[in-house]
Amino acid sequence: VLPNRPRPFNAAAYLCRTVGRPLRCVLLVLLAFALQGNAALALDAPAFQGDVLDEAGILSAAAEDALLQRIRALRDSSGIWAAVYVARSLQQDVIENAAVTTFEKWRLGQAGKDNGLLVLIVPSERKMRIEVGYGLEGFITDAFSKRVIDEIYKPAFRDERFADGLLQGFDAMAKMAGGEAMAPPE
């Protein structure tokens with residue numbers, strides 16, 4: 001039987017135990033700063049300036065007026081507080097974050113009802129998104145929004161018929177809000 005001998009000093013283990021914790025903390029802090037740096041890439045949404053904001057200049061004055069009338073009719077008939085934002089660029093953001101940022105900054109919808117709807121279009125990057133408040137998610141679902149984008153917006157926008165596409169999209173949303181389903185794709 002061998003007597004209990006003290007273990008030899010292991011410098012590597014000692015350094016890992018004593019330096020390892022602070023090093024892990026430093027790495028976590030650096031990671032947090034790196035992740036926070038991505039927030040700087042978020043779209044700087046402009047202040048709300050009305051139901052239609054066309055920074056990219058794709059809508060004529062007549063088209064904007066027609067769109068404003070359609071948005072007001074949607075608000076009157078179904079209580080949906082809608083807005084359209086045609087952005088010049090996503091400013092290195094992704095369309096989902098840009099839509100949420102704009103939606104929140106513009107405070108679309110009524111308090112307590114959360115019945116806002118935003119159509120965000122970025123023609124220069126060929127991106128678009130429909131963002132809705134929680135109060136509308138029951139009938140303006142993600143699946144319905146995707147259909148509006150794929151079946152109405154994309155074909156119209158491809159032909160540079162931006163106003164027609166937006167008007168048809170709002171018609172489809174008004175019908176859905178009124179309980180009428182969108183026709184199946186052809």
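A 4.5 Å side-chain heavy-atom check between L166 and L59 finds at least one atom pair inside the cut-off. F162 places none of its side-chain heavy atoms less than 4.5 Å from the side chain of I121. The shortest side-chain heavy-atom distance between F144 and V132 does not fall under the 4.5 Å cut-off.
The shortest heavy-atom contact between A83 and L108 is CB-CD2, 3.8 Å. Contact record, W106 with Y85: CH2-CB, 3.5 Å, taken as the closest heavy-atom pair. The nearest pair of heavy atoms linking A45 to T102 is CB-OG1, 3.5 Å. For the pair M173 and V148, the tightest heavy-atom approach, listed with the atom from each and the gap, is CE-CG1, 4.5 Å. Contact between A87 and P123 at its shortest, heavy atoms only, is O-CD, 3.6 Å. For S89 against E125, the heavy-atom pair with the smallest separation is OG-OE2, 3.3 Å.
Follow the hydrophobic side-chain contacts under 4.5 Å out from W81 and you never reach L118; the two are in separate clusters. Both F170 and M128 belong to a common hydrophobic cluster when Ile, Leu, Val, Met, Phe, Trp and Tyr are linked at side-chain heavy-atom distances under 4.5 angstrom. Hydrophobic clustering (side-chain heavy atoms under 4.5 Å, transitive across Ile, Leu, Val, Met, Phe, Trp, Tyr) keeps V100 apart from L90. By the rule that hydrophobic residues join a cluster once side-chain heavy atoms approach within less than 4.5 Å of another member, L136 and Y134 end up as members of separate clusters. Side-chain heavy atoms closer than 4.5 Å link hydrophobic residues (I, L, V, M, F, W, Y) into clusters, and following such links, possibly through other members, connects I58 to I71.
For the atom pair R126 CZ and K154 NZ, the distance stands at 9.5 Å (nearest 0.5 Å). The distance from the CD1 atom of I80 to the CD atom of Q110 is 11.0 Å, given to the nearest 0.5 Å.
The number of heavy-atom neighbours closer than 6.0 Å to NZ of K113, taken from other residues, nucleotides and ligands shown, is 12 or below. The environment of D142 atom CG is sparse: at most 12 non-hydrogen atoms of other residues, nucleotides or ligands sit within 6.0 angstrom. Remark: E55 CD is packed, more than 12 non-hydrogen atoms of other residues, nucleotides or ligands lying under 6.0 Å away.
At distances below 3.5 Å, not a single donor-acceptor pair connects side-chain atoms of N115 with backbone N or O atoms of G135. Remark: side-chain polar atoms of S145 are paired, donor with acceptor, to backbone N or O of T141 under 3.5 angstrom. Remark: side-chain polar atoms of S78 are not paired, donor with acceptor, to backbone N or O of A174 under 3.5 angstrom. Formation of a donor-acceptor pair under 3.5 Å by the Q91 side chain with backbone atoms of D44 is found in this model.
For the side-chain contact (heavy atoms from CB on, under 4.5 Å) criterion with L167, the lone passing option out of Q69, R161, R70 is R70.
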